[in-house]
Amino acid sequence: MKITGVELRRIAMPLVAPFRTSFGTETARDVLLVRVVTPDSEGWGECVAMSEPLYSSEYVDGAAEVIRRFLLPALPREVDAYGVGRALEPIKGHRMAKAAVETAVLDAQLRAAGESFGRFLGAARDRVPCGVSVGIMDSIPQLLDAVEGYLDEGYVRIKLKIEPGWDVEPVRAVRERFGDQMLLQVDANAAYTLVDAPQLAKLDDFGLLLIEQPLANDDLVQHAQLAKLVRTPICLDESIESAEHAAAAISLGACSIINIKPGRIGGYLEARRIHDLCRAHGVAVWCGGMLETGLGRAANVALAALPGFTLPGDTSGSRRYYETDITEPFELSDGHLAVPTGPGLGVEPLPSVLEEVTTSTEWIPID
Ligand code: NPQ
Ligand code: MG
């Protein structure tokens, strides 16, 4: 495939409510969209980097810079999605930026071939069960109201964001109010250290599916030690940036579950590799979320339909985050989202909405 040019488009998406995690409170999403244009088709990639480097070292201005300055110039004249990964290999890190470029190329390639993301990746079902991530709240009653609203919408699994001072009490309150049957898990976004093991062990009483990323991003060894001190399964998110990290974490005993976010690990091809590796080792995976618009969400839902995704993901409906999505909204039906079946991502940006939320565009011709 010959790429004739790439558009970098920034959009500003207000959130329906502030989303608080252990690393900060977000009120709007500043998203970088990559549109790859070829003679036969075009494709979209959504960069999941946040505006500030709080979740990982990447941030959206840096991603745009590395794409225009290093990634696009490194692409060969003729390229497909596998070729993107190979061509970008010498450039270290910047996985969210690389994922956006590779996804846009893959989307263009699949649209030209008339094949959906789900079919290309190996989806084993036509819909996926959905969980929702619930932010840290100012009070327990406020949290219980939020959880009740999501359960009423049909979400089959609740994830509570936790941090020191907001962990055992919210989990206890949710269990007391909604019972022991509901699927419940927590996500610390790296807010604890190994000395907090006794506090984290108190969560063992609540039958949680998992505790996600309790310790720092590069604390693989400490996670392995923590796994011996708590009974709740440990799931890694921020720590896993590649299939090699996943292999290391599994052999160290640092986790028994992995949250796969294609942006964090460099794209959907690497996501499938981690899926295959985990499946071979009996390690459960689920699809994480980075407050994607409908474009990123479409690809995540396709990925979540692979056979090794045995736990519900953070593949929420559009309205969990956005009043108006840039694509036709993803809506839950019986707690599930349908895997798009059209070519490529199977969804398109709605031109008028896209125009309205766009804050800048940049066209980069490729000779
Ligand atoms: C997680 N996501 O699993 C992330 C963290 C996260 C759905 O819990 C703006 C952009 C705000 C990306 C807040 C969920 C964000 C963000 C949280 C990602 O750890
Ligand atoms: Mg997480």
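Residues take their numbers from the sequence shown, with the count starting at 1. In each ligand, atom 1 is the first atom listed, and ligand 1 is the first ligand listed. Computation of the quantities below employed the complete heavy-atom set of this structure, encompassing side-chain atoms and omitting hydrogens, waters and symmetry-equivalent molecules.
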Visitor: How close does the nearest protein non-hydrogen atom get to atom 18 (C) of ligand 1, and which residue and atom is it?
Guide: Met290 SD, 3.5 Å
Visitor: Report the nearest protein non-hydrogen atom to atom 9 (C) of ligand 1: residue, atom name, distance rounded to 0.1 Å.
Guide: Leu291 CD2, 3.6 Å
Visitor: One residue to check: Asp237. Relative to ligand 1, which of side chain, backbone, both or neither has a non-hydrogen atom less than 4.0 Å away?
Guide: side chain
Visitor: Can you sort out which atoms of ligand 1 are near Thr21, meaning under 4.0 Å from one of its heavy atoms?
Guide: 13 (C), 17 (C)
Visitor: With under 30° as parallel and over 60° as perpendicular, where do the rings of Tyr82 and Phe120 fit, or are they tilted in between?
Guide: tilted
Visitor: Among protein heavy atoms, which lies nearest atom 11 (C) of ligand 1, and at what distance?
Guide: Glu26 CG, 3.3 Å
Visitor: So, the side chain of Lys98 versus the backbone of Ile91: is there a donor-acceptor pair under 3.5 Å, distance only?
Guide: yes
Visitor: Which is the closest N/O/S atom of Asp237 when seen from the Mg ion (ligand 2)?
Guide: OD2
Visitor: Would you check if the Mg ion (ligand 2) lies under 2.8 Å from any N, O or S atom of Asp187?
Guide: yes
Visitor: Checking one value in my table: which N/O/S atom of Glu212 lies closest to the Mg ion (ligand 2)?
Guide: OE2
Visitor: Should the heavy atoms of other residues, nucleotides or ligands under 6.0 Å from CD of Glu328 be counted, would the total exceed 12?
Guide: no
Visitor: Please name the residue in the list Leu311, Ile260, Thr310, Leu277 that meets the side-chain contact (heavy atoms from CB on, under 4.5 Å) test with Val285.
Guide: Ile260
Visitor: Give the atom numbers and elements of ligand 1 that come within less than 4.0 Å of a heavy atom of Asp187.
Guide: 1 (C), 3 (O), 19 (O)
Visitor: Is it the case that atom CZ in Arg20 sees more than 12 heavy atoms from other parts of the structure closer than 6.0 Å?
Guide: yes
Visitor: For atom 12 (C) of ligand 1, grab the closest protein heavy atom and report residue, atom and distance to one decimal in Å.
Guide: Met50 CG, 3.6 Å
Visitor: Is Asn189 in polar range of ligand 1, meaning some N or O pair under 3.5 Å apart?
Guide: yes
Visitor: Do any of the N, O or S atoms of Asp314 sit under 2.8 Å from the Mg ion (ligand 2)?
Guide: no
Visitor: Would you say the side-chain atoms of Arg111 pair up with the backbone N or O of Asp40, donor to acceptor, closer than 3.5 Å?
Guide: no
Visitor: Can you tell me the protein heavy atom closest to atom 4 (C) of ligand 1 and the distance?
Guide: Lys261 NZ, 3.2 Å
Visitor: Check each atom of ligand 1 against the heavy atoms of Phe19 and keep those under 4.0 Å away; list them by number with element.
Guide: 8 (O), 13 (C), 17 (C)
Visitor: Search all heavy atoms of Arg264 against all heavy atoms of Ile240 and return the closest pair with its distance.
Guide: NE-O, 2.6 Å
Visitor: Short question: side chain of Glu58, backbone of Ala49 - any donor-acceptor pair under 3.5 Å?
Guide: no
Visitor: Could you check atom 5 (C) of ligand 1 against the protein and tell me its nearest heavy-atom contact, residue, atom and distance included?
Guide: Lys161 NZ, 3.7 Å
Visitor: Taking N or O atoms only and a 3.5 Å limit, does Glu238 qualify as a polar contact for ligand 1?
Guide: no
Visitor: Is it true that a side-chain atom of Thr327 and a backbone atom of Leu295 form a donor plus acceptor pair closer than 3.5 Å?
Guide: no
Visitor: Check for me whether Lys159 has a heavy atom closer than 4.0 Å to any atom of ligand 1.
Guide: yes
Visitor: Decide whether Ser239 and Gln213 meet the rule of one side-chain donor and one side-chain acceptor closer than 3.5 Å.
Guide: yes
Visitor: Output the list of atoms in ligand 1 that are nearer than 4.0 Å to some heavy atom of Glu212, sorted by atom number.
Guide: 3 (O)
Visitor: Nearest protein heavy atom to atom 6 (C) of ligand 1, by residue and atom, and its distance?
Guide: Phe23 CZ, 3.8 Å
Visitor: Considering only non-hydrogen protein atoms, determine which one is nearest to atom 7 (C) of ligand 1 and report residue, atom name and distance to 0.1 Å.
Guide: Tyr321 OH, 3.3 Å
Visitor: Take every heavy atom of Gly289, measure it against each atom of ligand 1, and state whether any distance is under 4.0 Å.
Guide: yes
Visitor: Inspect the surroundings of CZ in Phe23 and state if more than 12 heavy atoms from other residues, nucleotides or ligands are less than 6.0 Å away.
Guide: yes
